[in-house]
Amino acid sequence: MNQEIERGNIGEKVKVNSGTSVEPGKVASSGTPESHGALKGNLYMLLSKTFSGLNENALRYLLPTWMNAFTGVVLRLGFGTLFFWVWGLFTRKKSPKASTRDILTLFLVGAIFVFGYMFTLLEGLTYTTPISSSIFISLQPAFVYIICLCIRTDKLSWDRVLGIIIGFGGALLCVLTQKGSDVASDPLKGNLFCLGSAVLFASYLVIEKIYLKRLSSATVSKWTFFGGAVAATILVCFTGWDARVLTEGLFSTPMLVLLFVLIFPTSVSYLLQDFGLKLLPATVVALYGDWILIVAAVTSYILGQDHFSWWQILAIGMMLVSVYLVEHAESKKA
């Protein structure tokens, strides 16, 4: 008979065909290892966040020379909405039906959290560097854990508390030591926007995880992206349209960079993240923000989008220690 087991920080349920309880990570009586799903989830997240790391560098190239933050959000959310609605057409037969309340809630989540996350990220990248932006993205596991504590879906763990303190220390070090330069016109302003984007995205992860328990990834994403796209379109009517990149040729460098942002980090990356969220706890998914930091840092130094700084390296090291402590606590819990 079907039996449900609890897994993850916010009560993800996994069905197995067994007459006895099955521990996460062990083989069910059907012969299918639980670890197989975790492996697939981690592979989805690794590829997804590789695209996200390169997204930091691509957006920094485009902002503010080829487009402003509001216009960039409209382009990303508009393309993402189209992508997920088309994806939904191919998966609608397998998708559970969403209620009117679900649709309205997801629409509002997109208008507030998805739009807010993307706008603050793009606005932050206008003034700071991809590495600094990625340092704040690495704080997402800490914010997810704090949110889960607030809604009582997780328990207090001193290992994770220590990791969070070290992580915030690394972020504070980045804020206090980074000076304005030719690659960062106003790092303090940019870093504060990036901090806000990390909070908003962590909130979105927790909410999305809840809905992905009973709705398909296409349903969740198409309505959240649609809500974000509507909010962005309304606001850009007041701020003005600025997308000089669209005046360039199809095979010009700015246009190719924009197409990469729209296809991979905006669409494919979020789809893979949804797949990962179905198989992994939200806190584990958030840990992949650390991989974004590594990809963005290596790419930034290669492309000359940031200057080497020992303070920055120390901040990155503190983030790695922070993520290790949070992940170690998560593995002990599992």
Side-chain angles (χ1 to χ4, degrees), residues 48-49 51-64 66-85 106-128 130 132-134 136-140 143-144 189-208 220-243 245 257-274 277 285-286 288-289 292 296:
S48 170
K49 297 310 176 183
F51 291 142
S52 297
L54 295 174
N55 182 52
E56 302 292 302
N57 305 101
L59 288 174
R60 186 65 187 90
Y61 171 80
L62 293 171
L63 297 163
W66 296 104
M67 63 184 186
N68 64 17
F70 274 112
T71 304
V73 174
V74 172
L75 292 174
R76 291 191 70 189
L77 288 175
F79 186 90
T81 299
L82 178 63
F83 175 86
F84 283 111
W85 276 83
L106 290 171
F107 181 89
L108 290 175
V109 167
I112 297 171
F113 295 102
V114 177
F115 164 74
Y117 155 70
M118 286 198 180
F119 169 71
T120 50
L121 175 63
L122 268 66
E123 188 71 5
L125 279 168
T126 303
Y127 302 104
T128 191
S132 296
S133 170
S134 300
F136 289 95
I137 290 176
S138 296
L139 287 174
Q140 288 173 3
F143 290 124
V144 168
K189 181 178 180 180
N191 290 337
L192 290 176
F193 271 111
C194 291
L195 177 63
S197 74
V199 176
L200 288 166
F201 187 73
S203 304
Y204 172 65
L205 273 182
V206 174
I207 297 171
E208 185 183 28
V220 172
S221 294
K222 76 180 183 180
W223 286 111
T224 54
F225 267 67
F226 181 56
V230 171
T233 302
I234 293 173
L235 288 173
V236 85
C237 293
F238 296 96
T239 60
W241 179 264
D242 179 12
V245 62
V257 172
L258 176 63
L259 289 174
F260 169 79
V261 169
L262 297 180
I263 295 172
F264 294 101
T266 301
S267 304
V268 176
S269 177
Y270 276 85
L271 183 63
L272 292 173
Q273 177 181 278
D274 289 348
L277 270 171
V285 170
Y288 276 89
I292 295 176

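Please read all numbers here as calculations on a predicted model, not as lab measurements.
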A.B. asks: Check whether any side-chain heavy atom of I137 lies under 4.5 Å from a side-chain heavy atom of C194, and answer yes or no.
C.D. replies: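 No - every pair of side-chain heavy atoms lies 4.5 Å or more apart.
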A.B. asks: Going by heavy atoms in the side chains, are V236 and T239 under 4.5 Å from each other?
C.D. replies: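 Side chain of V236 against side chain of T239, heavy atoms only: contact under 4.5 Å found.
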A.B. asks: Counting C-beta onward and ignoring hydrogens, is there a side-chain heavy-atom pair between M67 and L59 closer than 4.5 Å?
C.D. replies: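 A side-chain contact exists here, since the closest heavy-atom pair is under 4.5 Å.
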A.B. asks: Are any of the side-chain heavy atoms of I292 and Q140 separated by less than 4.5 Å?
C.D. replies: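 Sidechains of Q140 and I292: no contact.
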A.B. asks: Can you confirm if the aromatic rings of F83 and F225 lie within a centre distance of less than 6.0 Å?
C.D. replies: no
A.B. asks: Verify side chain to side chain contact (heavy atoms under 4.5 Å, CB included) between L271 and F84, making sure each step is shown before the conclusion.
C.D. replies: CA-CA 8 Å; L271 183 63; F84 283 111; 4.0 Å; yes
A.B. asks: How close do V73 and L122 get, counting heavy atoms only, and between which atoms?
C.D. replies: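 That closest heavy-atom pairing would be N-CD2, 3.7 Å.
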A.B. asks: Determine, stepwise, if the pair F260 / L54 fulfils side chain to side chain contact (heavy atoms under 4.5 Å, CB included).
C.D. replies: CA-CA 9 Å; F260 169 79; L54 295 174; 3.8 Å; yes
A.B. asks: Show the nearest heavy-atom pair for residues A111 and A231, with the distance to one decimal.
C.D. replies: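 So the two residues come closest at O-CB, 3.8 Å.
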A.B. asks: Holding to ring-ring contact (aromatic ring centres under 6.0 Å, His included), I want the full list of residues that pass it with Y204, two or more places apart in sequence or in another chain.
C.D. replies: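 By the ring-ring contact (aromatic ring centres under 6.0 Å, His included) rule, Y204 matches no residue at all.
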A.B. asks: Indicate whether the side chain of D274 and that of S221 have a donor and an acceptor atom separated by less than 3.5 Å.
C.D. replies: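 Judged by distance alone, the side chains do pair up.
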A.B. asks: Whether the side chain of T266 engages the backbone of V261 through a donor-acceptor N/O pair (distance < 3.5 Å, no angle test) should be reported.
C.D. replies: yes
A.B. asks: Any sub-3.5 Å donor-acceptor pair from T128's side-chain atoms to G124's backbone N or O?
C.D. replies: no
A.B. asks: Given side chains that start at C-beta, do those of P265 and R76 come closer than 4.5 Å, heavy atoms only?
C.D. replies: yes
A.B. asks: Measuring only between side-chain heavy atoms, which start at C-beta, is L235 closer than 4.5 Å to F115?
C.D. replies: yes
A.B. asks: Mind checking the CG-CD1 spacing from L258 to I263? Nearest 0.5 Å is all I need.
C.D. replies: 9.0 Å
A.B. asks: Any idea which heavy atoms bring G240 and N68 closest together, and the distance?
C.D. replies: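 Result for this residue pair: O-ND2, 3.9 Å.
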A.B. asks: How long is the straight-line distance from OG1 of T233 back to CH2 of W241, given to the nearest 0.5 Å?
C.D. replies: 8.0 Å
A.B. asks: Provide the closest heavy-atom pair for N191 versus S132 in the form atom of the first, atom of the second, distance.
C.D. replies: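 Shortest heavy-atom separation between N191 and S132 comes out as OD1-CB, 3.4 Å.
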A.B. asks: Would you compute the distance between atom NZ of K189 and atom CD of E123 and round it to the nearest 0.5 angstrom?
C.D. replies: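 The CD atom of E123 is 6.0 Å from NZ of K189, to the nearest 0.5 Å.
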A.B. asks: Find out whether W223 and W85 are in side-chain contact, i.e. whether some heavy atom of one side chain is under 4.5 Å from a heavy atom of the other.
C.D. replies: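 When only atoms from C-beta onward are counted, W85 and W223 do touch, with a gap below 4.5 Å.
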A.B. asks: To the closest 0.5 Å, what do you measure between CG (L125) and OG1 (T120)?
C.D. replies: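 Here the rounded value is 10.0 Å.
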A.B. asks: Please name all residues satisfying ring-ring contact (aromatic ring centres under 6.0 Å, His included) with F51, sequence neighbours left out, ordered by chain then number.
C.D. replies: F264
A.B. asks: From S197 OG over to L139 CG, what is the distance, rounded to the nearest 0.5 angstrom?
C.D. replies: 10.0 Å
A.B. asks: Given side chain to side chain contact (heavy atoms under 4.5 Å, CB included), test L195 with F143 step by step and report yes or no.
C.D. replies: CA-CA 10 Å; L195 177 63; F143 290 124; 3.8 Å; yes
A.B. asks: Please test V109 against E208 for side chain to side chain contact (heavy atoms under 4.5 Å, CB included), starting from the C-alpha separation and ending with a verdict.
C.D. replies: CA-CA 9 Å; V109 167; E208 185 183 28; over 6 Å; no
A.B. asks: Between S267 and L262, what is the shortest heavy-atom contact and its length?
C.D. replies: OG-O, 3.0 Å
A.B. asks: Judged by atom type as modelled, is there a donor-acceptor pair below 3.5 Å linking the side chain of R60 to the main-chain atoms of L63?
C.D. replies: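 A pair under 3.5 Å: yes.
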A.B. asks: Determine the minimum heavy-atom distance between A229 and T81, stating which atoms define it.
C.D. replies: CB-OG1, 3.7 Å
A.B. asks: Is the shortest side-chain heavy-atom distance between E56 and L121 below 4.5 Å?
C.D. replies: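 Heavy-atom side-chain distance check passes, below 4.5 Å.
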